[in-house]
There are 4 protein chains.
Amino acid sequence: MGSGFGRLFRITTFGESHGGGLGAVIEGCPPGIAIDQEAVQKELDRRRPGQSELVSPRHEPDTVEILSGLFEGRTLGSPIGLLIRNRDADPSAYESIKDRYRPSHADFTTEAKYGIRNWQGGGRASARETVARVAAGAIAKQVLRAIVGTEVQAWVCAVGSVCAEIDPRSVTSAMVEANPMRCPDATAATEMEQRVRQARSTGDTVGGIIEWVATEVPAGLGDPVFDKLEADLAKGLMSLPASKGFEIGSGFRGSSMTGSEHNDAFEPVEGSSVPRTVTNHSGGVQGGISNGMPITGRVAFKPVSTIFREQQTVSATTGEAVSIRPKGRHDPCVVPRAVPMVEAMVALVLLDHVLRQRGQVG
Amino acid sequence: MGSGFGRLFRITTFGESHGGGLGAVIEGCPPGIAIDQEAVQKELDRRRPGQSELVSPRHEPDTVEILSGLFEGRTLGSPIGLLIRNRDADPSAYESIKDRYRPSHADFTTEAKYGIRNWQGGGRASARETVARVAAGAIAKQVLRAIVGTEVQAWVCAVGSVCAEIDPRSVTSAMVEANPMRCPDATAATEMEQRVRQARSTGDTVGGIIEWVATEVPAGLGDPVFDKLEADLAKGLMSLPASKGFEIGSGFRGSSMTGSEHNDAFEPVEGSSVPRTVTNHSGGVQGGISNGMPITGRVAFKPVSTIFREQQTVSATTGEAVSIRPKGRHDPCVVPRAVPMVEAMVALVLLDHVLRQRGQVG
Amino acid sequence: MGSGFGRLFRITTFGESHGGGLGAVIEGCPPGIAIDQEAVQKELDRRRPGQSELVSPRHEPDTVEILSGLFEGRTLGSPIGLLIRNRDADPSAYESIKDRYRPSHADFTTEAKYGIRNWQGGGRASARETVARVAAGAIAKQVLRAIVGTEVQAWVCAVGSVCAEIDPRSVTSAMVEANPMRCPDATAATEMEQRVRQARSTGDTVGGIIEWVATEVPAGLGDPVFDKLEADLAKGLMSLPASKGFEIGSGFRGSSMTGSEHNDAFEPVEGSSVPRTVTNHSGGVQGGISNGMPITGRVAFKPVSTIFREQQTVSATTGEAVSIRPKGRHDPCVVPRAVPMVEAMVALVLLDHVLRQRGQVG
Amino acid sequence: MGSGFGRLFRITTFGESHGGGLGAVIEGCPPGIAIDQEAVQKELDRRRPGQSELVSPRHEPDTVEILSGLFEGRTLGSPIGLLIRNRDADPSAYESIKDRYRPSHADFTTEAKYGIRNWQGGGRASARETVARVAAGAIAKQVLRAIVGTEVQAWVCAVGSVCAEIDPRSVTSAMVEANPMRCPDATAATEMEQRVRQARSTGDTVGGIIEWVATEVPAGLGDPVFDKLEADLAKGLMSLPASKGFEIGSGFRGSSMTGSEHNDAFEPVEGSSVPRTVTNHSGGVQGGISNGMPITGRVAFKPVSTIFREQQTVSATTGEAVSIRPKGRHDPCVVPRAVPMVEAMVALVLLDHVLRQRGQVG
């Protein structure tokens with residue numbers, strides 16, 4: 001329990017940053033869907049370390065092996081087993097700090113929880129864990145596209161205090177992939193790169209914000225009470241490493257508005273029985289259920305905890321105050337690599353709710 | 001599926017705003033815990049409409065009946081059935097708008113989902129639904145206190161653009177209950193009241209932000225990947241009606257910080273094996289697991305969608321553009337009544353993870 | 001956890017034999033289905049004590065109140081809350097034995113599990129608990145009939161060593177209800193009645209076997225590995241009080257057959273793409289998935305544990321050997337009342353799998 | 001959904017008989033438990049084809065790779081990923097029958113369910129699927145032994161009409177492993193072998209019954225209503241391929257007994273607060289909860305469906321009547337290899353309930 005996500009389209013992941021590998025089992029995949037394995041690999045490549053000088057230099061090809069669940073390129077409906085081997089694990093960087101809790105890492109909490117810890121890397125708490133969900137999410141994206149036509153796109157909208165100017169309706173995949181920051185505002189992207197380089201050069205790190213949109217989402221997804229669509233999206237996105245905040249639609253800004261400003265008036269759409277809303281402060285969900293408008297949201301990521309500076313901590317063995325200066329290979333800013341993670345989680349949530357809706361309502 | 005919450009301490013709720021009543025079934029409650037039924041009723045009274053002139057005038061005593069699961073004042077370990085009757089349902093206010101979708105309400109999405117809708121009120125989408133979770137949360141609070149000593153407190157920290165100045169460490173229950181806004185900053189509370197009155201006098205509504213803290217939370221709660229403590233908290237809180245944003249610890253502000261600013265240095269605590277952190281930007285969770293520090297977060301609520309003004313919408317029967325001017329009894333601002341809802345959801349999440357931790361680790 | 005059953009069509013029950021009442025919450029019900037509330041009550045009447053002189057004389061009208069989830073006679077898709085009050089609870093019969101564990105009852109195990117026990121009746125372990133599932137199952141039967149046309153029928157096929165001669169294909173509801181034993185073989189039924197009377201007259205009890213068949217079950221229900229249709233049926237039926245054995249199709253008898261005897265040859269059905277099998281040793285499931293043939297099975301029930309005879313046991317307070325001679329109102333044979341329970345559980349399992357199948361496969 | 005089993009100690013499996021391999025992910029394993037990997041392999045060797053002349057000659061080493069979740073030989077509490085590669089898959093044997101449904105196999109039902117099928121073997125319906133659960137069960141056995149001392153032992157008690165005479169209390173692992181039938185009654189074992197050889201020589205197959213016992217099970221495991229210990233055991237065991245019947249304790253025989261015969265009188269045990277029962281017709285569970293006595297049960301297996309004889313069936317492409325005469329490598333009798341499968345499922349159920357009990361009750 002705890003490594004699974006989803007009710008009908010359900011993934012269960014395993015693996016640590018140092019060990020035999022990572023993987024996922026997908027249960028409940030609709031049968032007969034053609035899967036493009038290269039497209040799966042491409043998502044992993046977007047998440048991969050070493051893809052640009054702005055991210056961790058750890059060298060991992062992150063080649064995914066699909067162990068089961070496909071036959072002649074199509075889904076069988078049986079579980080899809082995915083395996084990604086660890087190739088460039090390097091426990092030596094951790095040897096010197098194995099008895100010192102890294103500040104704002106999960107070293108202490110893992111030990112507080114389990115009483116045992118694989119100190120050769122971050123274990124399950126490493127962002128490397130996300131390779132499994134990105135692989136599974138890449139399959140979810142394809143199934144979602146095949147059965148309802150939904151598309152999910154995320155991008156970087158802030159790094160540190162550098163904020164981009166972006167109209168979500170105009171963002172294309174090409175714009176996002178046009179620069180290593182994955183920010184569709186080219187001017188802001190350049191500033192962001194400088195901000196990341198500056199952080200890295202001082203052994204420091206910097207946080208950021210990712211924005212996302214899902215289009216062509218059918219109206220009627222989500223459950224009215226606990227499994228509101230935004231609640232499940234919040235859970236999925238707040239389960240990403242380093243995330244500290246979540247917004248749907250107007251988000252925190254909405255809390256300072258009045259109802260007459262915030263309400264989204266309906267208007268008819270010619271040739272359709274589904275109306276549209278003039279504004280979209282709701283972010284595509286009302287009462288926890290999708291209304292057919294684009295679903296939009298944002299996720300805040302804190303700066304990466306591994307900084308190459310001396311810090312104060314306590315000893316895992318004696319409990320006494322000690323200092324620590326981590327080594328290893330880490331990202332100065334996580335958000336460019338987090339873009340495919342965000343897309344994966346959004347796709348997993350939406351597909352699960354598509355299947356739930358047709359299960360209950362037909 | 002969809003009306004349940006939690007894995008080991010699990011609640012399942014039922015009921016609509018207009019109908020026989022609302023209720024919850026609690027499964028997995030630890031046995032032998034003394035339950036103070038008056039304290040349960042007191043939480044319902046905090047959530048009740050009609051408690052002040054700032055909230056909806058609907059008159060509901062919200063008396064809870066405990067149908068099962070207790071014997072001589074103690075929990076049996078068997079399911080606790082809770083029932084709260086509807087007393088003051090008034091479908092007549094809905095008669096005139098039953099074929100017009102209220103903007104930013106769940107009227108349209110409910111119909112898009114199910115193809116059928118009880119138009120005599122908001123059904124499951126009504127905030128009245130939360131009476132069941134507040135009742136269940138009131139029991140969770142008592143069990144949590146009894147078995148690990150955790151306390152949960154929430155308060156209003158913003159209404160519209162009025163923000164309070166509050167040091168979370170100093171907030172007491174008495175301070176929160178001292179005014180009908182449930183804002184421990186008395187000066188801000190007065191301004192907030194004026195803001196709410198102003199909105200109400202113009203048939204409008206206003207949003208706000210609730211802050212919360214959980215203290216005496218044992219280190220080690222939460223699961224490293226999908227069931228991170230903050231992910232489950234996000235789900236629980238984003239499942240509250242009208243919520244649009246969630247933050248844990250530093251939240252969105254944390255995304256503009258550097259790692260050297262954001263990292264929480266550890267320091268030893270005399271006489272304890274659990275260290276403390278000098279700052280608490282993490283909000284009490286690291287890698288999804290509690291670290292023993294106070295868990296802190298914020299939830300943003302949009303302005304209530306029912307405004308007593310003319311608005312544009314479409315007809316549920318013809319699909320044509322029509323105008324709507326809702327009637328009925330509604331809150332000009334939801335946040336004072338949402339305080340016990342937030343506390344309930346936080347308590348439900350924490351207690352579930354307490355049981356999960358002792359299940360897996362002992 | 002533990003009082004819920006089903007994944008998509010899910011019921012959660014509560015209540016003890018002595019207390020405010022019993023009930024169930026149904027989640028995931030398809031919307032827009034007309035529900036005949038009298039038919040629900042009729043199923044409860046079949047399960048009710050006091051319906052004949054062969055069963056417990058406890059007088060319970062078992063009137064069900066539907067608290068939510070219906071509007072103008074149709075399901076809303078929201079949770080259906082069901083409540084059945086206890087009317088004739090009589091704790092006085094238990095006063096004298098409250099500190100003596102009744103042999104083969106759950107008194108000792110309940111206390112071993114929870115450390116606390118409501119001694120005023122059997123609590124959750126009382127067969128009275130099944131009133132909630134029969135009510136929920138009565139709704140499941142109607143939904144199942146409405147969306148796929150499946151019918152479920154059970155009957156008594158053995159009491160003690162009295163076995164009926166029955167061709168499952170010929171059994172009708174009228175035949176089952178024609179006598180208080182609910183055995184469609186009238187001759188055997190008379191013998192069974194005599195057997196039950198004899199047991200009752202000596203303060204003893206007697207066991208029996210129930211057989212059931214589900215017809216018009218679509219091919220394709222069930223999951224190939226853990227959630228095989230027969231596995232979920234086994235779980236559902238073995239969760240009934242006093243059940244000790246489960247068979248699907250050929251059951252234990254099948255283990256002494258050869259493959260050439262047991263295999264069910266396929267043959268085409270004119271005008272249908274679904275073949276039929278010449279024999280049905282499989283009992284309608286192959287590899288855990290329904291094949292379109294009638295699903296058939298049997299459940300063995302032990303004799304009721306409450307016998308009005310002196311027995312040896314231990315004291316709950318001192319642990320010493322003591323004797324016990326229970327009083328109260330109990331059934332000399334549970335199987336006539338268990339017929340609607342079996343039907344309810346079969347219907348709940350099948351409907352859940354119908355929704356699961358259309359969720360995954362569409 | 002559908003390939004997972006258990007609530008707290010949860011396994012999720014994947015893989016088909018022909019493809020990249022099979023595996024399991026174990027979630028919720030208690031941390032810090034020493035795992036003997038050779039003992040895991042030994043269980044797989046007991047299940048392996050080709051281990052004697054009485055079973056399928058398919059040559060699979062079934063070497064298990066543990067991909068994650070262990071560190072220095074101990075469990076981390078994180079998911080344990082298990083992988084067993086397919087080595088000797090031979091789709092050619094299926095080529096000639098790919099468009100003819102094998103009688104009593106899952107060929108037809110798989111296609112009815114998913115509309116697509118990997119005809120190169122039985123896919124998920126192949127008994128090869130059980131390799132994953134035996135591996136996971138082998139870990140469960142070790143954890144169970146380490147934390148509560150429970151032992152699980154199964155054996156063959158009938159093959160065709162050959163029944164063994166066995167006192168469950170006297171069976172040892174050595175007695176079970178002393179002959180390739182895994183029947184501790186040596187005389188019966190010899191007869192059984194002859195029966196299997198006879199079946200094989202005529203291209204036929206034969207069914208059988210497995211009996212099992214779990215000793216040193218703490219009192220208090222199991223939940224009173226749907227998750228009764230026997231209900232979860234029934235589900236687990238009826239999810240094994242080819243199982244047709246399940247009994248706990250007295251089973252079907254119990255249905256012909258009277259209460260005065262069947263009731264298990266309690267008697268004190270010197271030096272213990274847990275009494276014992278003089279008889280054990282209950283099979284160690286009362287009201288769904290373990291009572292501290294040995295838990296005993298039986299599972300009936302039908303004869304293997306693959307017989308090397310001509311049979312009647314229908315064409316998957318034209319629907320017309322055709323004959324089929326399967327080839328390939330199959331077991332003439334499944335029960336010797338099913339012994340470790342039964343033990344694995346029993347261990348998985350019991351361990352899950354051990355964790356559930358300490359989660360709820362502490």
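Since the model is a prediction, treat every value here as computed from it, not as a measurement. By convention in this document, chain letters (A, B, ...) are assigned in the order of the sequence lines, proteins followed by strands, and residues within each chain are numbered from 1.
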Non-hydrogen atoms of chain A under 4.5 Å away: do they reach the side chain of [X], the backbone, both or neither?
| X | result |
| --- | --- |
| B:D204 | side chain |
| B:S290 | backbone |
| B:Q312 | both |
| B:V206 | both |
| B:F5 | both |
| B:R298 | both |
| B:E230 | both |
| B:K244 | both |

Top residue by heavy-atom pair count (under 4.5 Å) with chain A, among [options]?
| options | result |
| --- | --- |
| B:S260, B:P224, B:G207, B:A234 | B:S260 |
| B:A199, B:S305, B:P332, B:G319 | B:S305 |
| B:E267, B:R253, B:E261, B:R195 | B:E267 |
| B:G245, B:G220, B:S255 | B:S255 |
| B:E111, B:R124, B:R133, B:R102 | B:R133 |
| B:G2, B:P241, B:C333 | B:G2 |

Looking only at heavy atoms, what is the nearest atom pair of [X] and [Y], with distance?
| X | Y | result |
| --- | --- | --- |
| B:P103 | A:A265 | CB-CA, 4.3 Å |
| B:S256 | A:S161 | CB-N, 4.3 Å |
| A:A300 | B:G251 | CB-O, 4.0 Å |
| B:A106 | A:G287 | CB-CA, 3.8 Å |
| A:G259 | B:P303 | N-CB, 3.3 Å |

Hey, what do you get for [atom1] ([X]) to [atom2] ([Y]), rounding to the nearest 0.5 Å?
| X | Y | atom1 | atom2 | value |
| --- | --- | --- | --- | --- |
| A:F266 | B:I324 | CZ | CD1 | 10.0 Å |
| B:N263 | A:T205 | CG | OG1 | 6.5 Å |
| A:S243 | B:I248 | OG | CD1 | 9.5 Å |
| A:H262 | B:I307 | NE2 | CD1 | 11.5 Å |

Non-hydrogen side-chain atoms of [X] and [Y] separated by less than 4.5 Å:
| X | Y | answer |
| --- | --- | --- |
| B:Y114 | A:Q360 | yes |
| A:M257 | B:K302 | no |
| B:I289 | A:F108 | no |
| B:D232 | A:M238 | no |
| A:K235 | B:D227 | yes |

| request: Check the pair B:F226, A:M345 against side-chain contact (heavy atoms from CB on, under 4.5 Å), reporting the backbone distance first and the verdict last. | output: CA-CA 10 Å; B:F226 297 114; A:M345 293 313 297; 3.9 Å; yes

Examine whether an atom of [X] lies under 4.5 Å from a heavy atom of chain B, and if so say whether it belongs to the side chain, the backbone or both; otherwise answer neither.
| X | answer |
| --- | --- |
| A:V304 | backbone |
| A:H105 | backbone |
| A:R309 | side chain |
| A:A321 | both |

Please check if the side chain of [X] supplies one atom and the backbone of [Y] the other of a donor-acceptor pair under 3.5 Å.
| X | Y | result |
| --- | --- | --- |
| A:K113 | B:D223 | no |
| A:T109 | B:Q286 | yes |
| B:S104 | A:D264 | yes |

Under a 4.5 Å cutoff for heavy-atom pairs, which residue among [options] has the most contacts with chain B?
| options | value |
| --- | --- |
| A:P275, A:S315, A:A125 | A:P275 |
| A:C163, A:G123, A:S272, A:S282 | A:S282 |
| A:V225, A:T110, A:I209 | A:V225 |
| A:P218, A:G222, A:S273 | A:G222 |
| A:A242, A:G254, A:A112, A:P268 | A:P268 |

